[in-house]
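Encoded as structure tokens, the structure appears first; notes follow it.
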Number of protein chains: 2
Amino acid sequence: MNQKRELLLNTALDLFYYKGINSIGINEIIKVSGVAKKTLYSHFNGKNDLIMAVLNQRHQVFIKWLEDKLSRPGSDHELIDCLFESLQSWFDGNEQALGSFGGCFFINTSAEFSNQESDISHYCRYHKEQVRQLIQSKLNFKSPDLLNAICLLKEGAITTAYLTGESIEAIQSSKNVLHKIVC
Amino acid sequence: MNQKRELLLNTALDLFYYKGINSIGINEIIKVSGVAKKTLYSHFNGKNDLIMAVLNQRHQVFIKWLEDKLSRPGSDHELIDCLFESLQSWFDGNEQALGSFGGCFFINTSAEFSNQESDISHYCRYHKEQVRQLIQSKLNFKSPDLLNAICLLKEGAITTAYLTGESIEAIQSSKNVLHKIVC
DNA sequence: ACAAAAGTAGAACAACTTGTCTATCATTGA
DNA sequence: TCAATGATAGACAAGTTGTTCTACTTTTGT
């Protein structure tokens, strides 16, 4: 019973993430997953409901991945290196948990749904807040500038890597710059 | 003759930028602009052609705006302040040339068209390159780290401002951090 | 003044969208 | 064993999409 639900969730995430939510119809999801349309509508109230569930699924996976990555480092210097090297590894498609890189799912989704008051936009904002809080909790040097810089450079690196494909230089510069801020 | 073309272009840009390209159909564009459907298809080969023309239009406007903003400052410190204060002003909707803020049109568009080999994605990449080159040409201190940091923080600030709505803190931190890099 | 060009409104079309519904088959728990 | 549950394929309604086309009117250059 829940196997079908998970299958639908994973298939939808794959299709939505790599091809865009508006470009993927219900029919494609059921065709790729091999699940009947009626089964989909018995698990989800509609496409919007499915999108929300997919966002939640991705959020759980991403946060778990990030928590795991940031659990080891001790000093802030190590944390910064660890964070940006993990991002680099993600961009290069070497992070199994996240799948091959297709940008930030939440940024992409937010760009597709321009209505800032929709449930979807709200969830994208929530995700970014959670990521920020996670990074903050791992920092020893509690400086707003440092936290802001880390989050902005991270965001910039993700969108730049997605848009241009290149990222090594950006990651290295981010690390260099941030090391200068840590007292 | 060209009046209709420009009217279509400006109407399409407005609708595409604030509501997303995939969410806006040809019928909406002709309804809002008041131009006949056949006239649209006499000026543009199809929706894709219109999108490319709109991207080009926005690119011209944005580059001209940025060139104007960055023409005054002398030192790199002034350049950094000027750039990020201009961004802040854009986010706040105080830059007439750019209209009210709806994120970066090229990032948003790139997120909607996931096929990285399409004409549309290529143009988005081209725009970002041009912006980077413009900033580079204005910098006295030719440091790759400085240029990368400026571009990444700028990108991060735009997407963060679009997603969360807040930006003042991010802009201030960006300036603080960058001033530490300039020798 | 008049022919050519450029505009108009909107019908038609094929291909798609989400969502509902019918009818049949398989699994399973008591 | 047998009723209940869950899944299946696919037709269907109602709507939207991009695009083409016809028939008519306005603008424009000479």
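Note on naming: letters A, B, ... go to the chains in the order of the sequence lines (proteins, then strands), and numbering restarts at 1 for each one.
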Handout entry: B:Thr39 vs A:Ile21, nearer the 5' end of DNA chain C by closest nucleotide
Key =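 Mapping each residue to its closest nucleotide by heavy atoms, the 5'-most match is B:Thr39.
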Closest approach to the side chain of [X], judged atom by atom: which nucleotide of [options] is it?
X	options	answer
B:Ser42	C:dT8, C:dG7, D:dT8	C:dG7
A:Tyr41	C:dT20, D:dA9, C:dT8	C:dT20
A:Asn27	C:dT20, C:dG7, C:dT17	C:dT17

Handout entry: Polar side-chain contact B:Lys37-D:dT19 base: donor and acceptor under 3.5 Å
Key =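 Answer yes: a donor N or O sits under 3.5 Å from an acceptor.
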Handout entry: Under-4.0 Å side-chain N/O to phosphate OP1/OP2 contact, B:His43 with C:dG7
Key =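 Yes, because at least one side-chain N or O of B:His43 sits under 4.0 Å from OP1 or OP2 of C:dG7.
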Handout entry: N or O in side chain of B:Lys38 less than 4.0 angstrom from C:dT8 OP1/OP2
Key =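 Result: no.
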Exercise: do [X] and [Y] side chains pair donor with acceptor under 3.5 Å:
X	Y	result
B:Lys37	B:Asn27	yes
A:His43	A:Asp49	no
A:Asp92	A:Gln88	yes
B:Asn94	B:Ser89	no

[X] has an atom [atom1]; how far is it from atom [atom2] of [N], in whole Å?
X	N	atom1	atom2	result
A:Lys4	D:dA9	NZ	P	9 Å
A:Ile51	C:dT18	CD1	C1'	11 Å
A:Lys47	D:dT16	NZ	C1'	13 Å
B:Leu50	D:dG18	CG	C1'	12 Å
B:Ile30	D:dT19	CD1	P	13 Å
B:Ile29	D:dG18	CD1	P	8 Å
B:Phe44	D:dT20	CZ	C1'	18 Å
A:Glu28	C:dA15	CD	P	17 Å

Exercise for the section: Show your reasoning for whether side chain to side chain contact (heavy atoms under 4.5 Å, CB included) applies to A:Met52 and A:Phe44. Expected result: CA-CA 10 Å; A:Met52 289 298 290; A:Phe44 304 98; over 6 Å; no
